[in-house]
Amino acid sequence: MRPAPTILHLDMDAFYASAEQAAKPSLRGKAVVVGGLGPRGVVATASYEARRLGVHSAMPTAQARRLAPNAAYLVPRFSLYRTVSDQVMELLGRLSPLVEPLSLDEAFVDLEAGGTADDSASARATGEGLRAAIRAVTGLSGSVGLAGSKMLAKIASEEAKPDGLLVIEPGTERELLAPMSVRILPGVGPATGDHLRRAGMTTVHDLAEAGEAELVRLVGKAHGHGLFRMALGLDDRPVVAERDAKSVSVEDTFDVDLHDRVRVRAEVERLAVRCVERLRAADRSGRTVVLKVRRYDFSTLTRSETLRGPTDDPTVVREAAGRLLESVDTTGGVRLLGVGVTGLADYTQEDLFAQAADARELAQRALEHHAPTAEGGEEEAVPEAEADSAEQLAARRWPAGHDVHHEEHGHGWVQGSGIGRVTVRFEEPWSAPGRVLTFRIDDPLLRPADPLPLVRESPDYSSWPASLPKSRSSGAGSSEGGESSP
């Protein structure tokens, strides 16, 4: 534990949904749900307006539609989210060399290591300056927690939501944690929470009062010891700038169970190529190929094969995944498939001829996946074994919420598609809510487009955070400033 709240945790507020609201003026202040829209889709993020109706992350989309039938349901636009995330992470990097990203929208920052804070006052000023910078650059809000440890900083940002800042002063940890649910502690999920509840422990105070020996008896030595320390507010984990990924994987859940063995094989090969694309984007290679199959009865099987050396060869990964599939019975139907690579490394053992073949393979796959149409647009290739319907193709080409451009009407986004038509609302992040028009799905004047920036003219933050109040090197142990509520 540090004597000053110099560990910062940033969590962007309802990130995907907020980005969609910022990009689409007609959705601001309205319920927005981002996630999979098929029968087996799952909510990725819900706006706060949707959350008030009971919608939350990881909820089946079908259930969300029952709770919020009038919400806007959109397919994620990861290219936009990554762009905004890069802007946020660049700002965090200006505060300290020690930034530990946890996801696209969440990170820890060691302010002491960057010299941007060493007491409560400077930490608070840095946190407020960061929130203002993020809003100016991205148009979005983020919540900030500041404390003497990572665990408490994360709890503080959660308590500050939405769009707030909370400082937990060293020495006040136990008082703050005592009335909170045990579920707020890292590693306490539904199962552990249930187990503790049956033992009469529902708050963090209950855990601290029970003592370490009792917690070890209930949940085991390693977990019990850690749980007791967390209940006392103790956490010595450092902020780590480099978090090595242990694996790279992709998976798809299918709206309808796949029964055709040829189609299953084609999907596995497609996932293998996507996995290699991610692997190469991260400049990594892997030694072990993993296949995941979830069958019609929800039973999940995994198979793996370890290669002679690390590889990023799509042919090698695809063939290994195909061999693994041969050992899995899929006759009852398959609802989910996944391909992953573990045992990551920064090099491969392939020769130049194999690398050239890899490049040709990926290029050919890209051409097959986005074959040009007669009108000059793009249409996804369909496996020969099981052709999709025209409506399914339309839904893939015109996903709800994605960007389009019409040669006469300009930039817009897809409100929905069906019965051979696609409905588009024409507006930009900085415009007033726009008008809605409907077109044929094969209209030659309509094409998919890239997302627009959320802020038309981003301010110059090249000298930031030089304008922030300087920390006092002699005040590392001071405790001026109190808690700030969201």
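Side chains are part of it too, since the values below use all heavy atoms of this structure and drop only hydrogens, waters and symmetry mates. Note that the structure is a prediction, hence the values are computed from the model and not measured.
The pair K292-E251 meets the salt-bridge criterion, since a charged nitrogen lies less than 4.0 angstrom from a carboxylate oxygen. At a threshold of 4.0 Å, the pair D13-K161 counts as salt-bridged, since one of the basic side-chain nitrogens sits closer than that to a carboxylate oxygen. With respect to R456 and E428, no salt bridge is recorded, no charged nitrogen being found less than 4.0 Å from a carboxylate O.
Between Q63 and T61 the shortest side-chain heavy-atom distance does not fall below 4.5 Å. Within the 4.5 Å cutoff, side-chain heavy atoms of L130 are placed close to those of W464. Side-chain contact check for R335 versus F254: every heavy-atom pair is 4.5 Å or farther apart. In this structure, P314 and R280 have side chains that are in contact, with non-hydrogen atoms separated by less than 4.5 Å. Here the side chains of S96 and F108 are not in contact, with every heavy-atom distance at 4.5 Å or above. Side-chain atoms of D403 and D450, non-hydrogen and from C-beta on, never get closer than 4.5 Å to each other. You'll find the side chain of L454 reaches within 4.5 Å of the side chain of V84, heavy atoms only.
Cation-pi geometry between R65 and Y73 is satisfied (NZ or CZ under 6.0 Å from the ring centre, within 45° of the ring normal).
With hydrogens and angles ignored, the 3.5 Å screen pairs no side-chain donor or acceptor of R124 with any backbone N or O of V167. Checking side-chain atoms of W398 against main-chain N and O of I441 turns up a donor-acceptor pair under 3.5 Å.
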Exercise for the section: Take Y296 and H259 through the test ring pair (Phe, Tyr, Trp, His ring centres under 6.0 Å) and record every step on the way to the result. Expected result: CA-CA 10 Å; Y296 69 99; H259 293 86; 8.1 Å; no
